[in-house]
Amino acid sequence: MPHLVLYTFGVLKAPLADPAPLTREFHDGADAIYQKISQHPGYLAHAQAAEGDQGSHFDLDWGTWGEFAVPTWYGKGRTAETTALAATLSLWTGLRPAFDAIYTGLHRAALNRRYDWFERTGHPPYAFWWVSDGVIPTWQDGVSRLEHLDEHGSAPHAFAFQHPFAPDGTPMKTKDVGPRSDRVH
C-alpha cells in the first residue's frame, strides 16, 4: 500500500537562535505540535535527528532520512546561530489523515500565525507525493519535489492539497480530501 510523503519548508524571519519573543514562541511551541501530530490517526513517521545531536539542521545525523537539504531559494545561514528555517518530512497513510492533522488543533492555530514567523517567499511551503510501502524519503527528495511543484505546479510527481493526485497518478477532487470550509488557500 502506498504512503503519502509531506515535505514542508519555510524561511523564518529570524534565526532559530534569536532570543526575540516571536522566534522563541515559534520554537517553543514546535514540540507540542509534533507530539500532537504524531498521535494523529494516519501518521506513520517523521524525520528526526539522532538523539543527542546538537547543531544546525545541516550538521545533524538524520539516519535513513538522508543528509539535510534546502531549496535553492533559501539564502540564510547554515550554522546553529544563523539557521532561519523550519522544515519537516513525514509519512502518512493518506491525504485525508494528513489534511485533518494539519488543519485542526494546535497545528491549525500555528498556521493562522505563520506570517508572524515566516517570510512570504512566493514559493510553495509544502509538497506531497506518494511512495511505495517501505520507502523512506530523504530530505533531498523533499527539496526536489518542492522545487518541481514550484516550477511546474501540481502533478503526480509533487502536488498540493488544492490539486491532489491519487497514488496511481489520477487527479482527485479536493472535496474528497477535506471539508470546503477548512481549505486554506
Peer 1: Applying side chain to side chain contact (heavy atoms under 4.5 Å, CB included), run through L44 and H3 and close with a yes or a no.
Peer 2: CA-CA 9 Å; L44 297 172; H3 292 145; 3.4 Å; yes
Peer 1: Rounded at 0.5 Å granularity, tell me how far CE in M1 sits from OG in S132.
Peer 2: 12.5 Å
Peer 1: Do the side chain of W117 and the main chain of K13 share a donor and acceptor less than 3.5 angstrom apart?
Peer 2: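 No: the side chain of W117 does not pair with the backbone of K13.
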Peer 1: Is the backbone N or O of G10 less than 3.5 Å from a side-chain atom of Y74, with the two atoms forming a donor-acceptor pair by type?
Peer 2: no
Peer 1: Is a side-chain N or O of T104 found less than 3.5 angstrom from the main chain of D100, in a donor-acceptor match?
Peer 2: yes
Peer 1: Write down the atom of A17, the atom of A80, and the distance for their closest heavy-atom approach.
Peer 2: CB-O, 3.6 Å
Peer 1: Of the non-hydrogen atoms in I37 and H107, which two are nearest, and what is the gap between them?
Peer 2: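 Taking every non-hydrogen atom into account, CD1-CD2, 3.7 Å.
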Peer 1: Taking salt bridge (charged side-chain N to carboxylate O under 4.0 Å, His left out) as the cut-off, I'd like each qualifying pair that reaches into residues 126-145, sequence neighbours left out, listed once.
Peer 2: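 Found none.
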Peer 1: Is it the case that one hydrophobic cluster holds both L6 and Y34, taking links as side-chain heavy atoms less than 4.5 Å apart, direct or via other members?
Peer 2: no
Peer 1: Can you list the steps and then say if W129 with L4 is a side chain to side chain contact (heavy atoms under 4.5 Å, CB included)?
Peer 2: CA-CA 6 Å; W129 71 96; L4 183 71; over 6 Å; no
Peer 1: Got a second to check how far R78's CZ is from D59's CG, nearest 0.5 Å?
Peer 2: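 Result: 11.0 Å between the selected atoms.
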Peer 1: Just checking F165 against F128, ring centres under 6.0 Å apart?
Peer 2: no
Peer 1: Would L89 end up clustered with L60 when hydrophobic side chains under 4.5 Å apart are linked, directly or stepwise?
Peer 2: yes
Peer 1: Which one of Q39, H46, H40 satisfies the side-chain hydrogen bond (donor to acceptor under 3.5 Å, both in side chains) criterion with Y43?
Peer 2: H46
Peer 1: For R24, enumerate each residue passing the side-chain hydrogen bond (donor to acceptor under 3.5 Å, both in side chains) test, keeping only those at least two apart in sequence or located in another chain.
Peer 2: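 Applying side-chain hydrogen bond (donor to acceptor under 3.5 Å, both in side chains) to R24 gives H27.
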Peer 1: Answer yes if I33 and F26 sit in the same cluster of Ile, Leu, Val, Met, Phe, Trp and Tyr residues linked by side chain heavy atoms under 4.5 Å apart, and no otherwise.
Peer 2: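 No, no single cluster joins them.
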Peer 1: Rounded to the nearest 0.5 Å, what's the gap from NE2 on H123 to CD on E151? Could you check?
Peer 2: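 Separation between the atoms: 10.0 Å.
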Peer 1: Return each pair, listed once, that meets side chain to side chain donor-acceptor pair (under 3.5 Å) where at least one residue sits in residues 82-92; pairs must be two or more places apart or across chains.
Peer 2: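 Checked against side chain to side chain donor-acceptor pair (under 3.5 Å) - neighbours excluded - the pairs reaching residues 82-92 are T8-T88, T79-T82, S90-W92.
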Peer 1: List the steps and the verdict of side chain to side chain contact (heavy atoms under 4.5 Å, CB included) for L85 and V11.
Peer 2: CA-CA 5 Å; L85 62 86; V11 179; 5.8 Å; no
Peer 1: Out of curiosity, L146 CG to Y7 OH, how far, rounded to the nearest 0.5 Å?
Peer 2: 6.0 Å
Peer 1: Between V143 and I136, is there shared hydrophobic-cluster membership here, with clusters defined by ILVMFWY side-chain heavy atoms closer than 4.5 Å?
Peer 2: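 Same hydrophobic cluster.
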Peer 1: Ring centres under 6.0 Å, that's the criterion: do W139 and W65 meet it?
Peer 2: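 Here the rings of W65 and W139 have centres that are no less than 6.0 Å from each other.
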Peer 1: Grab the two heavy atoms, one from L22 and one from D116, that are nearest each other, plus how far apart they are.
Peer 2: CD1-O, 3.8 Å
Peer 1: Can you confirm if the aromatic rings of F9 and Y126 lie within a centre distance of less than 6.0 Å?
Peer 2: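 When the ring centroids of Y126 and F9 are compared, they turn out to be at least 6.0 Å apart.
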Peer 1: Return the minimal non-hydrogen interatomic distance between L91 and V135, and the atom names on each side.
Peer 2: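 In this case the closest contact between L91 and V135 is CD1-O, 4.1 Å.
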Peer 1: Apply side chain to side chain contact (heavy atoms under 4.5 Å, CB included) to the pair E25 and R113, showing each step before the final yes or no.
Peer 2: CA-CA 11 Å; E25 181 182 43; R113 304 239 2 250; 3.0 Å; yes
Peer 1: Do the side chain of K76 and the main chain of L12 share a donor and acceptor less than 3.5 angstrom apart?
Peer 2: yes
Peer 1: When rounded to the nearest 0.5 angstrom, what is the spacing between OG in S38 and CD in Q48?
Peer 2: 8.5 Å
Peer 1: For residues A32 and L106, report the shortest heavy-atom separation together with the two atoms involved.
Peer 2: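 Smallest interatomic distance, heavy atoms only, reads O-CD1, 3.8 Å.
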Peer 1: Do you know the tightest heavy-atom contact between W130 and G94?
Peer 2: CH2-CA, 3.9 Å
Peer 1: Distance-only, no hydrogens or angles: does the E147 side chain make a donor-acceptor pair with backbone N or O of T72 under 3.5 Å?
Peer 2: yes
Peer 1: With a 4.0 Å cut-off, would you call E119 and R114 a salt bridge?
Peer 2: no
Peer 1: Any chance you could measure W62, atom CH2, to F68, atom CZ, to the nearest 0.5 Å?
Peer 2: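 Going from CH2 on W62 over to CZ on F68, the span is 6.5 Å.
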